[in-house]
Amino acid sequence: MSKLRLSLLSILESIDKIDRYTQEHKSADEFYHEERDFDATMMQFMIIGEMISKLDATFKDEYSNIPWQKIKDFRNIVAHNYFGIDADEIWEIITTKIKPLKKDIESILTKI
């Protein structure tokens, strides 16, 4: 299996874990106060960012509809400013950005 495919599959695995860890929560506040789920989710965001950093520039240019740099930058915020993370912002990402990213990655995987 190619490194590219493996990186994309790792991103999908992390997205699936985020979905599992957050599916029972109804609000940012509830999610934030469930320490284990919150921490586990933050780790998956870090993994997604790490996998994106392994993708080459040509590939990212080819699929420039995905905000690769923003996602990677978010990983850096999670890693380096953990205690300053805004739960509402995280919740917004979880509820509006993760599923479209998953669909995009799945679509790419069918093409490569």
Side-chain angles (χ1 to χ4, degrees):
M1 184 176 308
S2 74
K3 283 184 172 183
L4 171 61
R5 188 167 189 76
L6 191 57
S7 293
L8 294 173
L9 288 171
S10 294
I11 292 170
L12 282 182
E13 181 180 357
S14 288
I15 290 171
D16 287 341
K17 286 180 180 181
I18 289 169
D19 186 50
R20 278 198 320 269
Y21 301 154
T22 61
Q23 67 185 349
E24 294 181 17
H25 302 291
K26 305 296 181 221
S27 70
D29 191 55
E30 179 186 319
F31 170 60
Y32 180 73
H33 286 97
E34 185 56 49
E35 194 173 279
R36 185 181 327 167
D37 291 342
F38 185 82
D39 289 350
T41 299
M42 294 305 97
M43 179 55 118
Q44 296 311 310
F45 279 123
M46 290 174 56
I47 291 169
I48 290 170
E50 287 297 314
M51 292 300 104
I52 286 173
S53 70
K54 295 180 184 302
L55 302 174
D56 69 48
T58 304
F59 172 81
K60 291 179 198 176
D61 287 343
E62 185 176 346
Y63 295 99
S64 61
N65 61 307
I66 297 174
W68 303 111
Q69 190 60 48
K70 276 185 161 184
I71 298 168
K72 187 177 170 207
D73 291 346
F74 180 68
R75 175 257 177 236
N76 293 335
I77 291 168
V78 170
H80 301 292
N81 192 27
Y82 188 81
F83 295 105
I85 293 174
D86 181 337
D88 290 319
E89 183 179 336
I90 300 296
W91 191 247
E92 177 74 17
I93 291 167
I94 291 166
T95 58
T96 65
K97 308 275 191 224
I98 288 292
K99 286 184 180 162
L101 177 61
K102 180 178 182 177
K103 288 180 196 264
D104 287 342
I105 299 295
E106 289 172 335
S107 176
I108 292 169
L109 281 165
T110 65
K111 296 173 187 173
I112 61 168

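Only heavy atoms go into these numbers, but all of them, side chains included; no hydrogens, no water, no symmetry mates.
The shortest side-chain heavy-atom distance between K102 and D16 falls under the 4.5 Å cut-off. Taking 4.5 Å as the limit, some side-chain heavy atom of W91 sits within range of a side-chain heavy atom of T22. Using a 4.5 Å heavy-atom cutoff, the side chains of I15 and I11 are in contact. Residues F59 and L8 meet the side-chain proximity criterion, which asks for heavy atoms closer than 4.5 Å. A 4.5 Å side-chain heavy-atom check between Y63 and W68 finds at least one atom pair inside the cut-off. Using a 4.5 Å heavy-atom cutoff, the side chains of E34 and Y21 are not in contact. By the 4.5 Å heavy-atom criterion applied to side chains, I71 and K97 are not counted as neighbours. At a threshold of 4.5 Å between non-hydrogen side-chain atoms, the residues I66 and I52 do not count as touching.
Taken from CG in D61 to CG in L55, the straight-line distance is 11.5 Å, to the nearest 0.5 Å. Rounding to the nearest 0.5 Å places OH of Y32 at 13.0 Å from OG of S27. The line from CG of L4 to CD1 of I108 is 8.5 Å long, rounded to the nearest 0.5 Å. Within the model, atoms NZ of K99 and CD1 of I18 stand 12.0 Å from one another, a figure rounded to the nearest 0.5 Å. To the nearest 0.5 angstrom, M46 atom CE is 12.5 Å from I77 atom CD1. To the nearest 0.5 Å, atom CD1 of residue I48 and atom CD of residue E13 are 10.5 Å apart.
With sequence neighbours left out, the side-chain hydrogen bond (donor to acceptor under 3.5 Å, both in side chains) criterion links K72 to no other residue. Listed by chain and residue number, Q69 satisfy the side-chain hydrogen bond (donor to acceptor under 3.5 Å, both in side chains) test with D73 (two or more places apart in sequence, or in another chain). Contacts of E92 classified as side-chain contact (heavy atoms from CB on, under 4.5 Å), with partners at least two apart in sequence or in another chain: T96.
A distance-only check finds no donor-acceptor pair linking the side chain of R75 to the backbone of I47 [under 3.5 Å]. The closest donor-acceptor contact from the side chain of T41 to the backbone of D37 lies under 3.5 Å. Side-chain N or O atoms of K17 include none that pairs as donor or acceptor with a backbone N or O of A40 at under 3.5 Å.
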After noting the C-alpha distance and the side-chain angles of F74 and I85, does the key distance pass the side-chain contact (heavy atoms from CB on, under 4.5 Å) rule? CA-CA 10 Å; F74 180 68; I85 293 174; 5.8 Å; no
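Closest heavy-atom contact between K60 and S53: NZ-CA, 4.4 Å. For the pair A28 and A87, the tightest heavy-atom approach, listed with the atom from each and the gap, is CB-O, 3.6 Å.
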